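Notes for the one structure printed next.
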Amino acid sequence: MAAAGRTTADPPNHQGCAISSVRLGLPAQRGELRDRREDGQHLHHLVWRLGPDVRVCSSAVLGGGIGPRAWILNAQVPGGYPRLDPDRHLAEIAASEGLTGPGAGLMTAADVAAYTTARDGGVTATVTAGLGVRGWAAAPDDDRAPSFRPGTVNIVVTLPVALSDAALVNAVATATEAKVQALLDAGLDCSGTPTDAVCVAAPEPGPDGGEPFAGPRSAWGARIARAVHSAVLAGARPAADPVGPSSPGAGVRATVTGCRTTASDS
């Protein structure tokens, strides 16, 4: 969902957003995995503290669009999400984490602790893959709605180089193309879920305007594509496993470096 207006963390009203969190010491480009309790449920979120002079292009429900952002938040929420103000909810969580200034907030019912990451040539892609409600973007126009199950593929890409406005938009398109390719490679007959979101973070451009291209055959676009493909593929494989979540390897968080996958227990 695209954002509408709110881009900062308003003071929290703590509607079930008490934070009991632990920093796991992950590299900054991969974010920090935190946990909290809301309404008696144990939930996780990932936080990127980007600092100054970083731009983000995203379709996030909070702080979407293109502009300077100091942080990115990817928060797990319960399945059957009951609130009608996701932007305010994300702002509450962000404020409880001490995040200030403009930021981008994503939401998912998938298990955020089962995130996957991949790195390629300085690009880092972090993915949370909830594929319970998946399908094709160009679906028939009918009244049949699937029963709700947790979903959403959220992709956060960080780059070490500045991109022009056009390249930032192109980077989102490249990440989306790589996501679809990975889902097909995982054996899933879909292009994603109805609520997938992408964030691309890169330094503010200088006088040169930043890298002009980020399509899949440009230098940085190719790195984005490979990193996103590897991270989405690792995250999608459990959904394609006919044995299901109780199979060996379920609940394992994967890290991909240079398109080689290594896994560690979450």
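The model shown is predicted, which means the values in this text are computed figures rather than measured ones.
In terms of hydrophobic clustering, with Ile, Leu, Val, Met, Phe, Trp and Tyr side chains grouped at heavy-atom distances under 4.5 Å, Val123 and Val169 are assigned to a common cluster. Taking hydrophobic clusters as Ile, Leu, Val, Met, Phe, Trp and Tyr residues chained together by side-chain heavy-atom distances below 4.5 Å, Val232 shares a cluster with Leu188. Note on Val172: it clusters hydrophobically with Leu159, by side-chain heavy-atom contacts below 4.5 Å among ILVMFWY residues. By the rule that hydrophobic residues join a cluster once side-chain heavy atoms approach within less than 4.5 Å of another member, Trp220 and Ile66 end up as members of one cluster. No path of Ile, Leu, Val, Met, Phe, Trp and Tyr side chains, each step under 4.5 Å between heavy atoms, connects Val157 with Val180, placing them in separate hydrophobic clusters.
Asn74 contributes atom CG, which lies 9.0 Å from atom OG1 of Thr126 (distance to the nearest 0.5 angstrom). For the atom pair CD1 of Ile224 and OG1 of Thr174, the computed distance is 6.0 Å after rounding to the nearest 0.5 Å. In this structure, Leu43 CG and Thr108 OG1 are separated by 11.0 Å, a value rounded to the nearest 0.5 Å. Taking CG of Leu46 as the start and OH of Tyr115 as the end, the distance is 7.0 Å to the nearest 0.5 Å. Note: Asp120 CG to His229 NE2 = 12.0 Å, rounded to the nearest 0.5 Å. With values rounded to the nearest 0.5 angstrom, Lys179 atom NZ is found 3.5 Å from Asp196 atom CG.
When ring centroids are compared, Tyr81 and His89 come within the 6.0 Å threshold.
Cys199 is listed as a side-chain neighbour of Leu106, based on a closest heavy-atom distance under 4.5 Å.
The shortest heavy-atom contact between Ala231 and Thr116 is O-OG1, 2.6 Å. Shown here for Ser230 and Ala118, the closest heavy-atom pair between the two residues is CB-CB, 3.7 Å. Across all non-hydrogen atoms, the minimal contact from Asn154 to Thr195 is OD1-O, 4.5 Å. In this structure, Ala197 and Ser59 approach most closely via the heavy-atom pair CA-OG, 3.4 Å. When all heavy atoms of Val153 and Thr193 are compared, the pair lying nearest together is N-OG1, 4.1 Å. Contact between Pro238 and Ala234 at its shortest, heavy atoms only, is CD-O, 3.5 Å.
Residues that satisfy the side chain to side chain contact (heavy atoms under 4.5 Å, CB included) test with Ala75, not counting sequence neighbours, are Arg36, His45, Leu73, Leu90, Ile93. For Ala201, the side chain to side chain contact (heavy atoms under 4.5 Å, CB included) partners two or more places apart in sequence, or in a different chain, are Leu50, Val54, Val56, Ile72, Thr158.
Using a 4.0 Å cut-off between a side-chain N of Lys or Arg and a carboxylate O of Asp or Glu, Asp189 and Arg134 do not qualify as a salt bridge.
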Query raised in the report: Taking it one step at a time, do Glu92 and Arg83 satisfy salt bridge (Lys or Arg N to Asp or Glu O under 4.0 Å)?
Result: CA-CA 13 Å; Glu92 292 167 4; Arg83 292 182 60 160; 3.2 Å; yes
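Other residues sharing the hydrophobic cluster of Leu233, ordered by chain and number and joined by side-chain separations under 4.5 Å: none, the residue standing alone.
None of His44, Gln76, His42 except one satisfies the side chain to side chain donor-acceptor pair (under 3.5 Å) rule with Asp35; the exception is His42.
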